[in-house]
Amino acid sequence: MGKPPVNYGVYLVTDSTPAILGTGDLCAIVAAAVRGGVTCVQYRDKHSGHDVVVDTARRLHAITRPLGVPLLINDRVDVALEVGCEGVHIGQDDMEYQQARNLLGPDKIIGVSAGSIQEALKACEAGADYLGIGAVFATPTKKDTKTILGPSGLRSILSALASSGHAAVPTVCIGGVNGSNARAVLVDSSTPTKTLDGVAVVSAIVAAPDPAAAARHLLAEVLAAKVPG
Ligand code: TZP
Ligand code: MG
């Protein structure tokens, strides 16, 4: 079987809290966003109980799967196993990579959060399929971020990955990224040997008045950033 191919270009991370979602319906927003061009979805729900998370994950998978868009579950390896989606995203305070890999087997995607060179190298050495690097900017969506990297901090991490043999590991950045700054962040953080593969966003899509249009715009910006010059 093998791992599914993943396009990390426009990576949507969900948030179901009223401050971000408002009165919107998460599944309807994700459906609109993948129609608009989101290439990968992470279901992130820090508050709901197991049954609600499994039910929502199943409904999200029914939306993403027919379009070939991978669905990853934040933190909860058990949910990914139960739902049979494409993988998980784990943070520095979650399950160790190797334990997640042992549970999920070789064919699932496991992404890891990294906020420093050390964390990024450790995740790559463990075998992470991709890195979510951040926070690039301060964001009200996640108030407990340890470091604000900025484009130069991101660039240092990308350089360190390239110079230690991990240039091929896909990377996205997260934290305060939106349609207005995505292109600049991708360009400004690039090094000659390593660029980000995409941007991960929460509020830029979930809280947007028109999530499909927001996704479409982000995709255009990501594609524009990848064109040399
Ligand atoms: N991890 C680092 S910052 C962040 C996460 C989950 C939240 C990003 O939210 P937004 O709304 O895209 O700034
Ligand atoms: Mg986590």
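Remember, it's 1-based here, ligands and their atoms both numbered in the order they're listed. Note that the numbering runs from 1 along the sequence shown for the chain.
Within the listing of ligand 1, atoms 3 (S), 9 (O), 10 (P), 11 (O), 13 (O) sit less than 4.0 angstrom from a heavy atom of Thr139. Those atoms of ligand 1 with a heavy atom of Ser203 less than 4.0 angstrom away are 10 (P), 11 (O), 12 (O). Interface atoms of ligand 1 facing Val201, defined by a heavy-atom separation under 4.0 Å, are 12 (O).
Between Lys142 and ligand 1, not a single N/O pair is under 3.5 Å apart. Annotation: Thr145 places no N or O atom under 3.5 Å from an N or O atom of ligand 1; distance criterion only. Distances between N or O atoms of Gly176 and those of ligand 1 include at least one value under 3.5 Å.
Looking at residues two or more places apart in sequence or on another chain, you find no side chain to side chain donor-acceptor pair (under 3.5 Å) involving Asn7. When the ring pair (Phe, Tyr, Trp, His ring centres under 6.0 Å) test is applied to Tyr8, the partners found at least two apart in sequence or on another chain are Tyr130.
Ranking the protein heavy atoms by distance from atom 12 (O) of ligand 1 puts Val202 N, 2.8 Å first. Counting only heavy atoms of the protein, atom 3 (S) of ligand 1 lies nearest to Gly175 CA, 3.7 Å.
Note on ligand 1: Gly134 sits outside its first shell, no heavy atom being nearer than 4.0 Å. Ligand 1 lies nowhere less than 4.0 angstrom from a heavy atom belonging to Val13.
In terms of hydrophobic clustering, with Ile, Leu, Val, Met, Phe, Trp and Tyr side chains grouped at heavy-atom distances under 4.5 Å, Leu223 and Val38 are assigned to a common cluster.
The closest side-chain heavy-atom distance from Leu60 to Val83 is not below 4.5 Å. Here the side chains of His166 and Lys194 are not in contact, with every heavy-atom distance at 4.5 Å or above. Under the 4.5 Å side-chain criterion, counting only non-hydrogen atoms from C-beta, Thr17 is in contact with His47.
When the heavy-atom distances from atom 9 (O) of ligand 1 to Thr141, Val206, Ile174 are ranked, the shortest goes to Thr141. For the residues Gln42, Lys146, Arg44, the heavy atom positioned nearest atom 6 (C) of ligand 1 is part of Arg44.
A side-chain donor-acceptor contact under 3.5 Å links Arg101 to the backbone of Lys108.
Between the OG atom in Ser113 and the CD1 atom in Ile174 there is a gap of 7.5 Å [rounded to 0.5 Å]. Between atom CG of residue Asp94 and atom CG of residue Asn74 there is a gap of 6.5 Å, rounded to the nearest 0.5 Å.
The set of protein atoms (N, O or S) found at less than 2.8 Å from the Mg ion (ligand 2) reads Asp75 OD1, Asp94 OD2, by chain and number.
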Can you give the donor-acceptor pairs under 3.5 Å from side chains of residues 197-216 to other protein atoms, not counting sequence neighbours?
{"unit_1": "Asp197", "atom_1": "OD1", "unit_2": "Thr171", "atom_2": "N", "d": "2.9"}
{"unit_1": "Asp210", "atom_1": "OD1", "unit_2": "Ala212", "atom_2": "N", "d": "3.3"}
{"unit_1": "Asp210", "atom_1": "OD1", "unit_2": "Ala213", "atom_2": "N", "d": "3.1"}

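Nearest heavy-atom pair across Lys122 and Glu96 is NZ-OE1, 3.9 Å.
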List the steps, then state whether side chain to side chain contact (heavy atoms under 4.5 Å, CB included) holds for Asp129 with Lys3.
CA-CA 10 Å; Asp129 291 302; Lys3 286 173 195 162; 2.6 Å; yes
